[in-house]
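First up is the structure itself, then whatever we jot down about it.
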Amino acid sequence: MSKPKGFEKPTGFRDYLPHAVSKLRKIENDVLNCMNQWGYCQIMTPTLEYYDTVGVASSTSDQKLYKLLNNRGQALVLRSEMTAPVARVVSSLLKDEPLPLRLSYHANVFRAIEEEAGREAEFYQTGVELVGDDSPEADAEVVALAIESLKAAGVQTFKIAMGHVGFLNGLFQEVAPGLPEVQEDLKSHLLDRDYVAFRDALGRLNLTESQKEEMDALLRLRGGKEICGQALGLSRHPLARASIEHLCKVWEVLEAYGVSRHVLIDLTMVGDFTYYTGMTFEGYAAELGFPVCSGGRYDNLLQQFGRSVPSTGFSLKTNRILDGVRGAENGYELPTLVQYDAQQRREGLQESARLRSEGHVVITKLVSNPGELTTADSAIEAGGKRYRDIYTFVSFVKERS
């Protein structure tokens, strides 16, 4: 293996140049402020966690975890998502706090990737966890907050697809009783959106004609509130019916929030995290073909840290918003270039301080003679077209006779 060149970095990692950092920070700050207005307090957790605690509890597959050993030989992992670390804190440092807890976060996470996949090994997530409330009201709250957070991030056109893991679990227990491997296989095909493989797997089961029709109808269960009624006609399994009734109540709360126009029910949705136990959802921006946010209910995760508490939450895929959504611009204000000569240095620096106190970005420059003054034309000539209109100019330079 060849030695990396001095400017190279590991595959899947990136440098963020000033414009990208400015945009990323604005998304982060605007979204966290939105979450704060809903009563969610920000939490920070370590980048490194123990493999035997957070690593094992994480839904990320073992081969995608970055693992290393500390100087005592203990296995550590770089955090691969934020829900498991938050669950650890809720079960320990926050165990005596009254429920429900509303927590928010913004953090970089790490996942090992195949080099040819073109994916990022380090990326950012901004999200919330609502701990200690198992009601439809709580599920609706995180969906409504996800909608407001996407708006705060600058995503202008999007749709939230909402499903329920319990409905599929009950439905597949009904058509493949006592066959958990088959049930997981069916869910895997739905997760991959591989409906051909899904139908092939159903074809290998001994289903009645009625059951075959019901399974085929499952693939068409997308739409508004009317989907709940149609789903109740597909299954008599208690878990499936209870799950749909819960989803109907969530929809009613979303209608009260006035955000149901952003939501559609998709009962083929599985969610890509194994710890989801109830309602799940994904948000899609108009410009992108993959999710910019995802979330759902995970009532069993905290049990792995010794605390049995229901929880629900979501995270924005901040990098996807940063890179792929045109509406997520940072409203960048041009810096002001204050130029002064030695005689008017005090005036120039005092003006710079005044402008900064008003929230403006100010760059200062000492000019020895009027010929050194930077102008719009000279800035463009020096920096190229990429730096067009890079300054607002203020000058304190006396003309010399």
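Residue numbers start at 1 and run along the sequence shown.
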Between S315 and M82, is there a side-chain heavy-atom distance shorter than 4.5 Å? no
Could you list all the salt bridge (Lys or Arg N to Asp or Glu O under 4.0 Å) pairs where at least one residue sits in residues 167-184, not counting sequence neighbours? E184-K187
May I ask you to check whether Q173 and H237 show a side-chain donor-acceptor distance below 3.5 Å? yes
Heavy atoms of A84 and V54 approach each other most closely as CB-CG1, 4.0 Å
Considering residues at least two apart in sequence or located in another chain, which fulfil the side-chain contact (heavy atoms from CB on, under 4.5 Å) criterion with L48? L68, L76, L78
Taking D62 first and then K64, would you say they form a salt bridge - that is, a charged N and a carboxylate O separated by under 4.0 Å? no
Identify the heavy atoms of A285 and V292 that sit nearest to each other, and give their distance. N-CG2, 4.0 Å
Main-chain N/O of Y276 paired with R297 side-chain donor or acceptor, under 3.5 Å: no
Note, T318 side chain near E28 side chain (heavy atom, < 4.5 Å): no
Donor-acceptor under 3.5 Å (R222 side chain, I265 main chain): no
Can any side-chain N or O of K95 pair as donor or acceptor with the backbone N or O of V89 at less than 3.5 Å? no
Between the side chains of T277 and N300, does any donor sit under 3.5 Å from an acceptor? no
Determine which pairs satisfy salt bridge (Lys or Arg N to Asp or Glu O under 4.0 Å) with at least one residue from residues 352-365, sequence neighbours left out, and list them in order. E351-R354, R354-E358
The criterion is side-chain contact (heavy atoms from CB on, under 4.5 Å); which residues satisfy it with L219, sequence neighbours excluded? L190, Y195, F198, R199, T268
Residue pair N319 / E120, side-chain donor-acceptor N/O under 3.5 Å: yes
Test: E141 and R102 ion pair at under 4.0 Å: yes
Close side-chain approach of P136 and M279, heavy atoms under 4.5 Å: no
Quick test of your reading of the model: are K249 and D134 salt-bridged, counting only N-O distances below 4.0 Å? no
Residue pairs passing the salt bridge (Lys or Arg N to Asp or Glu O under 4.0 Å) test with at least one member in residues 147-156, sequence neighbours excluded, are E148-K151
For the residue pair D139 / H246, report whether a side-chain donor-acceptor contact shorter than 3.5 Å exists. yes
With the threshold set at 4.0 Å, does a side-chain nitrogen-carboxylate oxygen contact exist between R14 and E122? no
Under 3.5 Å: donor-acceptor pair, side chain of E129, backbone of V131: no
Ring pair (Phe, Tyr, Trp, His ring centres under 6.0 Å) contacts in which one or both residues fall within residues 36-59, not counting sequence neighbours: W38-Y257
Quick one: does D299's side chain have a donor or acceptor within less than 3.5 Å of a partner on S311's backbone? yes
So F13 and F110, would you call those rings parallel, tilted or perpendicular, with 30° and 60° as cut-offs? tilted
Could you tell me whether a side-chain N or O of R88 sits under 3.5 Å from a main-chain N or O of L302, the two making a donor and an acceptor? no
Could you check whether any side-chain N or O of R111 sits under 3.5 Å from a backbone N or O of T60, counting only pairs where one atom can act as donor and the other as acceptor? no
For L239, is there any backbone N or O sitting under 3.5 Å from a side-chain donor or acceptor partner on S243? yes
More than 12 non-hydrogen atoms from neighbouring residues, nucleotides or ligands closer than 6.0 Å to CD on E137, yes or no? no
Can a donor-acceptor pair be found, under 3.5 Å and without considering hydrogens, that links the side chain of R241 to the backbone of L232? yes
Quick one: does Q339's side chain have a donor or acceptor within less than 3.5 Å of a partner on T374's backbone? yes
